Amino acid sequence: MATTSSTRPGLLRRLSTFLFLHPTLSLILLLAPPLLWLGVIYLGSLFALLVQSFFRLDDFSGKIVRDFSLTNYLQLTSRANIDIIARTAGMATAVTLACGLIAFPLAYYIARYAAPRAKGFLYLAVLLPLWSSYLVRVYSWKLILAKEGIISWVVEKLGLTPALDAILQTPIIGGPSLSFSMLGMFFVFVYIWLPYMILPIQAALERIPKSLIEAAGDLGARPGETFRTVILPLAFPGVVAGSIFTFSLTLGDYIIPSIIGNSSFLIGAVVLAHQGTSGNVPLAAAFTVVPMIIMGVYLSIAKRLGAFDAL
Amino acid sequence: MRSKPRDTQSASLGLRAAALFALLFLHIPLALILLYTLTVEETAFTFPLPGVTTKWFPETWSRFVGECAPPIVSSVLSEECRTDLWNALTLSLTVATIATAIALVLGTLTALAVSGSKFFGRETISFLVVLPIALPGIVTGIALRSTLGLLDIPFSFWTIVIGHATFCIVTVYNNVIARLRRTSGSLIEASMDLGANTFQTFRHVVLPNVATALLAGGMLAFALSFDEVIVTAFTAGQQNTLPIWIFSQLVRPRDRPVTNVVAVFVIAITTIPILLAHRLTSRDQL
């Protein structure tokens, strides 16, 4: 008994000393489980996806042929598919810009004006929708955009129903009702991803030293000038950091297009359709490579603009 | 306009209005769901509500427990009492619990490694951890699905858990690493100098320090997993999690009033852990 109790801590201690003297080994031990998980399961799957994108679907048998071909990528360059990609990228851009415009004032207010208590409250008010209830938040817009819903009611009370109808008849953004249109989809995307834009901008604004703003004032800059020449450039990396999320999340979302709007319109919905109903996983895989490439380019530009320091 | 520095003045009216707009934009839709749980309509979303009723709450409850209401215990125990909603709820809860547990272990290990030493590829590792939520969910989803297909692995409870754990690691990692950055390294050195070995130091110094951050990260992971649908739709076979049930209701609405109540329930279940997590880590953000 006495020997076991003295050797056990002894063993632990020796192990501890050994690990202390071999920091690389302890590092490897610490990192092995997460790296195995992320590296093998996650990166492995991404790689498998990439590989599959070079397979092709046999038109006659409907089976997947496992040899290397560029068929899917050639198919991506067809007129219809280019349209889908362009439309998705356009939507992502519009959503990102709108998020930036709506997010900035709130972020600015939280960072520079709110009293400590109010700040905590506002921060939470932004954080909550970021983490919670993605699907429920999408669902809420089904209620709002419905033909008989609150937007139609407000528009009618304002006497603007003809204007709304005219907008809905516009070819690209319109549709039978707001809840089946690109415009409706745009609202929902902006709503859902807005918190992802607010928080990085706020963080970037918080980091601007007060003294810098005071210095600008002391040197004769009017508030507007200070805002344009000091605050805005320093907050810009935050905007870029936020845009990574809004852009990427819009590119890859398929829930919103399939609930609001015609589901064959954006990349996400097309991927879902190819892998689900038509069983063409290789083409679906090739389609997902598109947002990955777009995001790769986007991230490298963002990195150059200093967005990663603002995350 | 006096020439005080901007920050001591109150915000201009325009800024206040714009900030208020953003805030209302974020929160009115959720309030509307709450409102619509009271509507008498079953097939439309007319605003203003044509009438008000509270009958959908007991109605939803009976959809949850089926014929076996009210003794909840019996519905847990007996197989035939389980309704689709009940199964979806328990599946979501179990998946979220196990995915959170995995994320806690992996996220903490990563945070300890990254904060403890400087090594080649450190940036890459933090990048790798963030990647599953930075890349569009559909990429993660279809990647996992096509891999399962390639390897002929059938969909199961565990395929859902694997997907969830992968994107939950980041929440734990972020919380723990923020806390470790705040924890002074001299504390650990002091513990070692006083004769504690690595494990004792971890047990008595590091762990108490990061405990609330772990709890917070875990709760965020739970909330994230509980209402995830994008990846889940790809990694679940015939099984329905609660969000997938809601999603199917959205695509083909059958029980709108019940969906409203379930939606409010999901908001509550995900909001509470996030609020708690925030309380636990509010000092880390300063």
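A, B, ... follow the sequence lines: proteins, then strands. Residue 1 opens every chain. Being a predicted model, the structure only gives us computed values, none of them experimental.
- Classification of the A/Phe245-A/Tyr196 ring pair by plane angle, with boundaries at 30° and 60°, yields tilted.
- When each of B/Val105, B/Leu131, B/Val129 is checked for heavy-atom pairs under 4.5 Å with chain A, B/Leu131 comes out on top.
- Heavy-atom distances place both the backbone and the side chain of B/Leu144 under 4.5 Å from chain A.
- Relative ring orientation between A/Tyr254 and B/Phe247 is described as perpendicular, the plane-to-plane angle rising above 60° on a 0-90° scale split at 30° and 60°.
- The candidate from B/Thr108, B/Thr166, B/Ile169 with the greatest count of non-hydrogen atom pairs under 4.5 Å with chain A is B/Thr166.
- Neither the backbone nor the side chain of B/Val114 comes within less than 4.5 Å of any heavy atom in chain A.
- The most heavy-atom pairs under 4.5 Å with chain A, out of B/Thr110, B/Ile230, B/Leu224, come from B/Ile230.
- Contact annotation for A/Phe247: neither backbone nor side-chain heavy atoms come within less than 4.5 Å of a heavy atom of chain B.
- Contact of A/Leu36 with chain B is not made at all, since no heavy-atom distance falls under 4.5 Å.
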Without placing hydrogens or testing angles, list every side-chain donor-acceptor pair under 3.5 Å for residues 15-33 of chain B, not counting sequence neighbours.
unit_1, atom_1, unit_2, atom_2, d
B/Arg16, NE, B/Ala11, O, 3.2
B/His27, NE2, A/Ala125, O, 2.7

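- Of the listed residues (A/Ala107, A/Ser248, A/Ala284), the one with the most heavy-atom contacts under 4.5 Å to chain B is A/Ser248.
- For the options B/Thr201, B/Asn260, B/Leu151, B/Val266, heavy-atom pairs under 4.5 Å to chain A are most numerous at B/Asn260.
- Shown here are the side-chain hydrogen bond (donor to acceptor under 3.5 Å, both in side chains) partners of B/Glu228, two or more places apart in sequence or in another chain: B/Thr232.
- Only the side chain of B/Ile102 comes within contact range of chain A, with heavy atoms under 4.5 Å apart.
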